[in-house]
Amino acid sequence: MNVSVIGTGYVGLVTGTCLAEIGHQVVCMDDNPAKIEVLLQGRMPIYEPYLDQLVARNIRNGRLRFTTDAAEAAREAAVIFICVNTPPRPDGEADLTYVELATRRIAEHATRDTIITEKSTVPVQTGQWIEKTLAIYKKRPGITFDVASNPEFTREGMAVEDFLHPDRIVVGVSSPRAEAALRELYAPIVEGRFPCPIHPECRVDRAVPFLVTDIASAELIKHASNSFLAMKISFANAVADVCEAAGADILQVVKGVGLDKRIGRAFLNAGIGFGGSCFPKDLRAFVKIAEKSGYDFTLLKEVGRLNVARRELVVEKLKRALWILTGKKIGLLGLAFKPNTDDIREAPALAIARRLIEEGAFVQGYDPQAAAKAKEAVPDLAICSDPYAVAEQAEAVVLCTEWPEFAALDFGRLKATMVRPLILDGRNALDREKLTALGFEYIGIGRGQGGTRERA
Ligand code: UDX
Ligand code: UDX
């Protein structure tokens, strides 16, 4: 099928590339000429595992093209995905200016019947606004627009795998035509007949659930899913604080709790909290959506409050251990909001860096992919070129992002250059017993007396 993607960011680039990979003819459009130029030169504007290989392959085989021309993207596509960003306004509500702009451009330039599909995370009822906008700005009376909602559930760092092997595909439609088009589009993934391009040995042994709903329900599924996952994390963080006070070990507790199939172990990792472009923003947006419908979602307000408090917890723990922070060097391992990405949007590490700098500390950090973006966001943060350098003359090292390579560091070497061998493991990702045996003072999150290091 001919597919276009408007907005070639983290979501749009993954969507367009993976749809080309499963056999469609895709045009990815973006207004940022620098981004498109980088892609046309065969380089990547973001770091996302495996994506570079898929982009290169599909440019070579002619299925994937990039452009800054909205008219070119809108003209011939049977399905158009809107993947522009929906940033939060100061009150938490999503700013839909770019969604409206993309819709108007489609209305103006489309030359054939087209399914316009929202993939950006948008508040419930956005589909109705898109329908109205299309009707107002449509240039060619003879063509038909159908609107659909197809929320994305891909995690950064795992986006290619999540797109090609999803738990489910949700499409919200108001016409059989839109449903038929999206069924055809996703058939190779749904029927599991598409071999995994990343792990050739990996087989999808089941059909992927393809859930068809009305548009408003699909829009709500996205916000409800992300808010529930955020709630699980804040719940685990609250239990971690109780563990700490009561001398229990959060890792053993969540292992026991997670074995209940009704609960599950995933997203119960306590630590310095969730960040990224989705959870914090979607949580605030969902509270706002509920408020507009007359419901005060106090539960989710508390989830957000607990999460923000995680950053202050790190500062408090450091103060408890170091007394005065002014003038002391503190090293941060990991700056991205999670491992395997260069994304620093709402990264807890950067919020912590800012607070420590405010307290007068000298903060030095390392990240395998996000260092340049982190430096731009927090200019007073000193960037180290390797993980060992964050420990030099430091009074404490804080693990903020659990990149797998950090667990394999030579901690003896790390310790040798520290003023005081203190590790604050903000993700409970390191081996406490090993570090203690090496002579480190180890501080985890919610680690009482227990000994296991079980993680999901
Ligand atoms: C996406 C979704 O859009 C957002 O709603 C969701 O909550 C998170 O994921 P993401 O892909 O991460 O956003 O955003 P970003 O990387 O900022 O990409 C958006 C792209 O759209 C940018 O490349 C931007 O240049 C482009 N854009 C935006 C346009 O081309 N035109 C516009 O008018 C607006
Ligand atoms: C999320 C959703 O998982 C995905 O389905 C949706 O499409 C986009 O938003 P993403 O933000 O990329 O994906 O990453 P995710 O793996 O969900 O992690 C979000 C944040 O939660 C990270 O900061 C991570 O460190 C934190 N987290 C996650 C925890 O603190 N504990 C956990 O147990 C899991």
Side-chain angles (χ1 to χ4, degrees), residues 5-16 28-36 38-39 45-46 48 66-70 73 81-88 94-105 118-123 126 151-159 162-163 166-168 221-223 225-230 232-237 240 250 254 258 264-283 285 307 310 334 336-349 400-402 426-429 445 455-456:
V5 172
I6 313 265
T8 308
Y10 282 89
V11 171
L13 185 58
V14 170
T15 302
C28 285
M29 180 269 162
D30 202 285
D31 280 311
N32 181 344
K35 193 170 276 192
I36 293 300
V38 161
L39 286 159
I46 55 165
E48 180 64 45
F66 296 101
T67 183
T68 52
D69 183 0
F81 284 94
I82 298 182
C83 298
V84 294
N85 41 337
T86 50
D95 180 350
L96 300 176
T97 309
Y98 301 137
V99 173
E100 196 209 38
L101 178 65
T103 308
R104 286 171 58 170
R105 288 159 134 185
E118 341 157 323
K119 207 160 214 11
S120 298
T121 305
V122 290
T126 300
E152 52 89 19
F153 302 107
T154 50
R155 291 161 293 174
E156 283 178 32
M158 301 277 283
D162 283 348
F163 194 98
D167 287 348
R168 82 292 209 191
I221 285 169
K222 174 64 193 256
H223 273 114
S225 299
N226 272 0
S227 299
F228 188 84
L229 291 170
K232 260 188 120 175
I233 299 169
S234 278
F235 180 82
N237 283 331
I250 185 68
V254 291
R265 174 63 183 81
F267 280 70
L268 286 177
N269 290 325
I272 59 175
F274 55 79
S277 72
C278 290
F279 284 179
K281 169 168 82 78
D282 292 354
L283 201 62
N307 192 54
R310 302 316 283 171
F337 85 96
K338 63 181 276 191
N340 297 316
T341 180
D342 62 347
D343 197 344
I344 52 145
R345 289 178 285 183
E346 304 241 12
C400 293
T401 315
E402 68 281 30
R427 297 289 183 180
N428 290 339
I445 306 283
R455 282 179 60 85

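We number each residue from 1, following the sequence as shown. Whatever order the structure lists them in is the order used to number ligands and atoms, beginning at 1.
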Criterion side-chain hydrogen bond (donor to acceptor under 3.5 Å, both in side chains) on Asp95 and Thr97, from CA distance to verdict: CA-CA 6 Å; Asp95 180 350; Thr97 309; 2.4 Å; yes
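Between the CZ atom of Arg265 and the NZ atom of Lys232 there is a distance of 9.0 Å, given to the nearest 0.5 Å. Note that the NZ atom of Lys281 and the CZ atom of Arg345 stand 8.0 Å from one another [nearest 0.5 Å]. Atom CZ of Phe274 and atom CZ of Arg310 lie 11.0 Å apart (nearest 0.5 Å). In this structure, OG1 on Thr121 lies 11.0 Å from CG on Asn85, to the nearest 0.5 angstrom. Between atom CZ of residue Arg105 and atom CG of residue Leu101 there is a gap of 4.5 Å, rounded to the nearest 0.5 Å. Summarising the geometry, atom CG belonging to Leu96 is positioned 9.5 Å from atom OG1 belonging to Thr103; distances are rounded to the nearest 0.5 Å.
Between Ile233 and Phe279, some side-chain heavy-atom pair lies under the 4.5 Å cut-off. The closest side-chain heavy-atom distance from Leu13 to Leu39 is below 4.5 Å. Between Asp69 and Met29 the shortest side-chain heavy-atom distance does not fall below 4.5 Å.
Some N or O of Thr121 is nearer than 3.5 Å to an N or O of ligand 1, by distance alone. Inclusion of Glu402 in the set of residues having an N or O under 3.5 Å from an N or O of ligand 2 is not warranted. Any N or O atom pair closer than 3.5 Å counts here, and Glu152 shares no such pair with ligand 1. Any N or O atom pair closer than 3.5 Å counts here, and Cys278 shares no such pair with ligand 2. Checking only distances, Arg105 never comes within under 3.5 Å of ligand 1, N or O to N or O. Remark: ligand 2 and Arg155 share no N or O pair separated by less than 3.5 Å (distance only, no angle test). Between Phe274 and ligand 2, no pair of N/O atoms sits closer than 3.5 Å. The shortest N or O to N or O distance between Gly275 and ligand 2 is below 3.5 Å.
The backbone N or O of Val122 sits nowhere less than 3.5 Å from a side-chain atom of Ser120 that would complete a donor-acceptor pair. In this structure a side-chain-to-backbone donor-acceptor pair under 3.5 Å is present from Glu48 to Ala159. Without hydrogens or angle criteria, Asp30 side chain to Asn32 main chain gives a donor-acceptor distance under 3.5 Å. A side-chain donor-acceptor contact under 3.5 Å links Asn237 to the backbone of Gly271.
The protein atom (non-hydrogen) at minimum distance from atom 11 (O) of ligand 2 is Phe337 CE1, 3.6 Å. Looking from atom 30 (O) of ligand 1 to the surrounding protein, the closest heavy atom is Asp31 N, 2.8 Å. With hydrogens left out, the protein atom closest to atom 1 (C) of ligand 2 is Phe279 CE2, 3.5 Å, a heavy atom. Of the protein's non-hydrogen atoms, the one nearest atom 12 (O) of ligand 2 is Glu156 N, 2.7 Å. Considering only non-hydrogen protein atoms, atom 22 (C) of ligand 1 sits nearest to Asp30 OD2, 3.3 Å. Scanning all protein heavy atoms for the shortest distance to atom 34 (C) of ligand 1 gives Tyr98 CG, 3.4 Å. Distance from atom 7 (O) of ligand 1 to its nearest protein heavy atom, with residue and atom name: Lys281 NZ, 2.8 Å. Protein heavy atom in closest approach to atom 33 (O) of ligand 2: Asn269 N, 2.9 Å. Remark: minimum distance from atom 14 (O) of ligand 1 to any protein heavy atom is reached at Arg345 NH1, 3.5 Å. When only non-hydrogen protein atoms are considered, atom 21 (O) of ligand 1 lies nearest to Gly7 CA, 3.3 Å. If you check which protein heavy atom lies closest to atom 28 (C) of ligand 1, you get Asn85 OD1, 3.2 Å. Scanning all protein heavy atoms for the shortest distance to atom 18 (O) of ligand 1 gives Gly9 CA, 3.1 Å.
Not a single heavy atom of Gly271 sits closer than 4.0 Å to an atom of ligand 2. Close to ligand 2: Lys222, with a non-hydrogen atom less than 4.0 angstrom away.
The side-chain hydrogen bond (donor to acceptor under 3.5 Å, both in side chains) search around Thr341 returns Glu156, not counting sequence neighbours.
Considering only non-hydrogen atoms, atom 3 (O) of ligand 1 lies nearest to Val84 out of Val11, Leu101, Val84. Proximity annotation for atom 4 (C) of ligand 2: of Asp167, Thr154, Val254, Thr154 comes nearest, heavy atoms only. Across the listed options Lys232, Lys119, Lys338, Arg427, Lys338 owns the non-hydrogen atom lying nearest to atom 15 (P) of ligand 2. Of the candidates Asp343, Thr86, Val99, it is Thr86 that places a heavy atom closest to atom 5 (O) of ligand 1.
Of the candidates Ile6, Ile36, Thr8, Thr15, Thr8 is the only one forming a side chain to side chain contact (heavy atoms under 4.5 Å, CB included) with Cys28.
Below 4.0 Å from some heavy atom of Gly273 lie the following atoms of ligand 2, by number and element: 30 (O). In the vicinity of Ser120, heavy-atom distances shorter than 4.0 Å reach the ligand 1 atoms 2 (C), 3 (O), 5 (O). Of all atoms in ligand 1, numbered sequentially from 1 with element shown, those under 4.0 Å from a heavy atom of Lys35 are 22 (C), 23 (O). Of all atoms in ligand 1, numbered sequentially from 1 with element shown, those under 4.0 Å from a heavy atom of Ser277 are 8 (C).
Counting heavy atoms closer than 4.0 Å to ligand 2, residue Leu268 contributes backbone atoms (N, CA, C, O) but none from C-beta onward. In Ile233, the part holding a heavy atom less than 4.0 Å from any atom of ligand 2 is the side chain.
With a 6.0 Å radius and a threshold of 12 heavy atoms from other residues, nucleotides or ligands, Phe153 has its CZ atom above the threshold.
No hydrogens or angles considered: a donor-acceptor pair under 3.5 Å links the side chains of Asp342 and Tyr10.
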